[in-house]
There are 2 protein chains.
Amino acid sequence: MSEIKETSTNFANKIALADECPEAYASNIIGGQWTLVICSWLLSGKMRFGELRKKLPNITERMLTLQLRKLEEHKIISRTIYAEVPPRVEYELTPIGYALKPVIKALESWGEEHRELVKNQR
Amino acid sequence: MSEIKETSTNFANKIALADECPEAYASNIIGGQWTLVICSWLLSGKMRFGELRKKLPNITERMLTLQLRKLEEHKIISRTIYAEVPPRVEYELTPIGYALKPVIKALESWGEEHRELVKNQR
DNA sequence: CTCATTACTTACATTTTATATAGTACCTAA
DNA sequence: TTAGGTACTATATAAAATGTAAGTAATGAG
């Protein structure tokens with residue numbers, strides 16, 4: 001998060017890959033440590049900043065903010081601020097965000113399958 | 001890649017997340033920069049080290065080796081060495097590796113959809 | 001003996017991502 | 001007047017991922 005150096009080889013490689021492989025493109029967007037989990041929670045409806053924080057016990061406020069900003073930038077979630085005191089901010093998936101559902105489901109079931117397999121091999 | 005520090009908060013968080021969220025678990029495994037692209041190529045059949053390298057023009061041999069080792073460790077690919085000179089090593093998806101197909105397809109189509117959307121908004 | 005080929009290793013440097021810690025503004029209720 | 005909740009921001013640092021450059025082993029061809 002924070003800064004990326006647009007002259008690095010790493011950056012160029014990401015661009016090049018994303019350019020020809022939609023799966024790499026997608027993986028760059030949702031590949032963060034908390035991204036999928038946040039989306040997964042939001043699949044069941046809009047949530048406030050504080051609610052999300054409670055659902056993700058070990059996340060720092062900074063990380064949560066960064067992840068939410070990144071998701072917002074990518075149009076995956078929308079942010080609604082209510083001018084109240086204390087402040088209230090709600091996050092909700094956009095249509096393209098909801099469209100992640102099959103991806104998340106596919107990952108979930110593969111993850112479970114893989115976990116089973118690995119467990120049984122030891 | 002390379003080293004992970006088993007005392008870091010990051011490590012603990014990953015474990016905790018992976019523990020309860022299969023999608024985070026899956027994402028940790030296939031989340032590398034090249035992982036999905038490699039699997040994607042292997043979906044169409046076994047390949048040699050050198051072939052893969054040519055398909056991924058910007059990857060360094062080091063990165064390719066690291067990614068392949070990680071995939072092998074996670075039982076996603078199998079490695080067959082032929083005792084020839086010069087050496088020949090073939091990589092092939094295991095059953096659980098092939099089971100990634102729906103995940104990759106879901107990511108691909110979401111990626112394309114997302115890319116379209118973003119493009120049209122500018 | 002020297003060179004080429006393939007699939008790696010190793011040591012090191014850089015870039016990217018994640019965490020820790022300490023703030024801030026706002027108003028409200030005590 | 002002071003404490004408290006909410007959703008942040010700023011700065012520093014640690015850790016992980018990726019990249020660069022240079023090797024290595026084995027052997028058969030010339």
Side-chain angles (χ1 to χ4, degrees), chain A residues 1-17 24 27-38 46-54 56-72 77 79-91, chain B residues 1-17 24 27-38 46-54 56-72 77 79-91:
Chain A
M1 230 80 235
S2 52
E3 292 154 61
I4 63 167
K5 204 160 182 178
E6 307 203 350
T7 52
S8 71
T9 307
N10 189 321
F11 181 76
N13 281 346
K14 271 190 185 146
I15 296 290
L17 264 182
S27 165
N28 277 345
I29 295 180
I30 60 163
Q33 171 142 247
W34 306 94
T35 314
L36 279 175
V37 189
I38 292 173
K46 59 174 72 165
M47 290 179 93
R48 299 180 59 175
F49 184 90
E51 291 179 291
L52 279 170
R53 193 186 43 200
K54 276 169 213 144
L56 311 170
N58 296 103
I59 201 171
T60 58
E61 298 195 336
R62 176 177 145 79
M63 271 326 277
L64 185 51
T65 303
L66 285 174
Q67 300 284 337
L68 290 170
R69 286 294 139 75
K70 181 182 156 196
L71 286 170
E72 198 193 350
I77 60 175
R79 183 161 172 265
T80 314
I81 307 164
Y82 296 88
E84 303 172 357
V85 169
R88 181 157 67 99
V89 182
E90 282 184 345
Y91 294 92
Chain B
M1 226 83 237
S2 52
E3 292 153 61
I4 64 166
K5 205 162 180 177
E6 306 204 351
T7 52
S8 71
T9 307
N10 188 321
F11 181 78
N13 280 346
K14 272 191 184 144
I15 296 289
L17 266 181
S27 165
N28 277 345
I29 295 180
I30 59 163
Q33 171 142 242
W34 306 94
T35 314
L36 279 176
V37 189
I38 292 173
K46 59 174 71 164
M47 290 178 94
R48 299 181 58 176
F49 185 89
E51 290 179 291
L52 279 169
R53 192 185 45 200
K54 276 170 213 144
L56 311 170
N58 297 103
I59 201 171
T60 58
E61 298 194 335
R62 176 181 141 80
M63 273 326 277
L64 185 51
T65 304
L66 284 174
Q67 300 284 338
L68 289 170
R69 286 294 138 75
K70 182 181 154 195
L71 286 170
E72 198 194 350
I77 60 176
R79 183 163 172 261
T80 314
I81 307 165
Y82 296 89
E84 304 171 358
V85 169
R88 181 158 66 100
V89 181
E90 282 184 345
Y91 294 93

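Quick note on labels: first sequence line is chain A, next is B, and so on, each numbered from 1. Since the model is a prediction, treat every value here as computed from it, not as a measurement.
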> Within 45° of the ring axis of Y82(A) and under 6.0 Å from its six-membered ring centre, is that where the NZ or CZ of R88(A) lies?
Replying inline: yes
>> Which heavy atom of A24(B) sits nearest to which heavy atom of V37(A), and what is that distance?
In response: CB-CG2, 3.9 Å
> Between atom CG in N10(A) and atom P in dA17(D), what is the gap in whole Å?
Replying inline: 12 Å
> Atom CG of L64(B) and atom C1' of dT9(C): how far apart are they, to the nearest Å?
Replying inline: 14 Å
>> Output the rounded distance in Å from CG (N58(A)) to P (dT21(C)).
In response: 14 Å
>> Below the 4.0 Å mark, does dT19(C) have OP1 or OP2 next to a side-chain nitrogen or oxygen of S8(B)?
In response: no
>> Under 4.0 Å, heavy atoms only, any strand: does Q33(A) hit a base, just the sugar-phosphate, or nothing?
In response: sugar-phosphate
> CG of L52(B) versus P of dA7(C): gap in Å, rounded?
Replying inline: 10 Å
> Going through the distances and angles, do F49(A) and L64(A) end up as a side chain to side chain contact (heavy atoms under 4.5 Å, CB included)?
Replying inline: CA-CA 8 Å; F49(A) 184 90; L64(A) 185 51; 3.9 Å; yes
> Phosphate oxygens OP1/OP2 of dT17(C): is one of them under 4.0 Å from a side-chain N or O of Q67(A)?
Replying inline: no
> Of the candidate nucleotides dT18(D), dA17(D), dT15(C), which contains the atom at the shortest distance from the side chain of M63(B)?
Replying inline: dT18(D)
>> For a quick test of reading the model, state the closest non-hydrogen atom pair linking G31(B) to S27(A) and the distance between them.
In response: O-OG, 4.5 Å
>> I need a per-nucleotide contact map over nucleotides 8-13 of chain D, read 5' to 3'. Cutoff is protein heavy atoms under 4.0 Å; write B for the base, S for backbone only, - otherwise.
In response: BBBBB-
> Between L68(B) and I77(B), which heavy-atom pair has the shortest distance, and what is it?
Replying inline: O-CD1, 3.5 Å
> Nearest nucleotide by nearest heavy atom, which residue falls closer to the 5' end of DNA chain D, P86(A) or N13(A)?
Replying inline: P86(A)
>> Nearest whole Å is fine: how far is dT6(C) P from M47(B) CE?
In response: 15 Å
>> Quick check for you: among dT16(C), dA7(D), dG19(D), whose closest atom lies nearest to any side-chain atom of T9(A)?
In response: dG19(D)
> Over how many whole Å does the gap from I15(A) atom CD1 to dT18(D) atom P extend?
Replying inline: 15 Å
> If every non-hydrogen atom of T35(A) is compared with every non-hydrogen atom of Q67(A), which pair is closest and at what distance?
Replying inline: OG1-OE1, 3.1 Å
> Can you find a side chain N or O atom of K14(A) that sits less than 4.0 Å from OP1 or OP2 on dT17(C)?
Replying inline: yes
> Reckon T60(B) touches a base, only the sugar-phosphate, or nothing at all at heavy-atom distances under 4.0 Å?
Replying inline: base
>> Between P on dG5(D) and CZ on R88(A), what's the gap in Å once rounded to a whole number?
In response: 18 Å
>> Between E90(A) and T80(A), does the side-chain hydrogen bond (donor to acceptor under 3.5 Å, both in side chains) criterion hold? Intermediate values first, please.
In response: CA-CA 5 Å; E90(A) 282 184 345; T80(A) 314; 5.7 Å; no
> For the side chain of I4(B), counting heavy atoms from C-beta on, which of dA17(D), dG5(D), dT17(C) is nearest?
Replying inline: dA17(D)
>> On a heavy-atom basis, which atom in R79(B) and which in Y91(B) lie closest, and how many Å separate them?
In response: NE-OH, 3.3 Å
> If you check every side-chain atom of P87(A), which of dC26(C), dA18(C), dT18(D) has the closest atom?
Replying inline: dC26(C)
> What's the closest nucleotide to the R48(A) side chain, out of dA7(D), dA15(D), dC26(C)?
Replying inline: dA7(D)
> Can you tell which of dT28(C), dA16(D), dG19(D) lies closest to the side chain of K5(B)?
Replying inline: dA16(D)
>> Rounding to an integer number of Å, can you tell me how far L66(A) CG sits from dT16(C) C1'?
In response: 13 Å
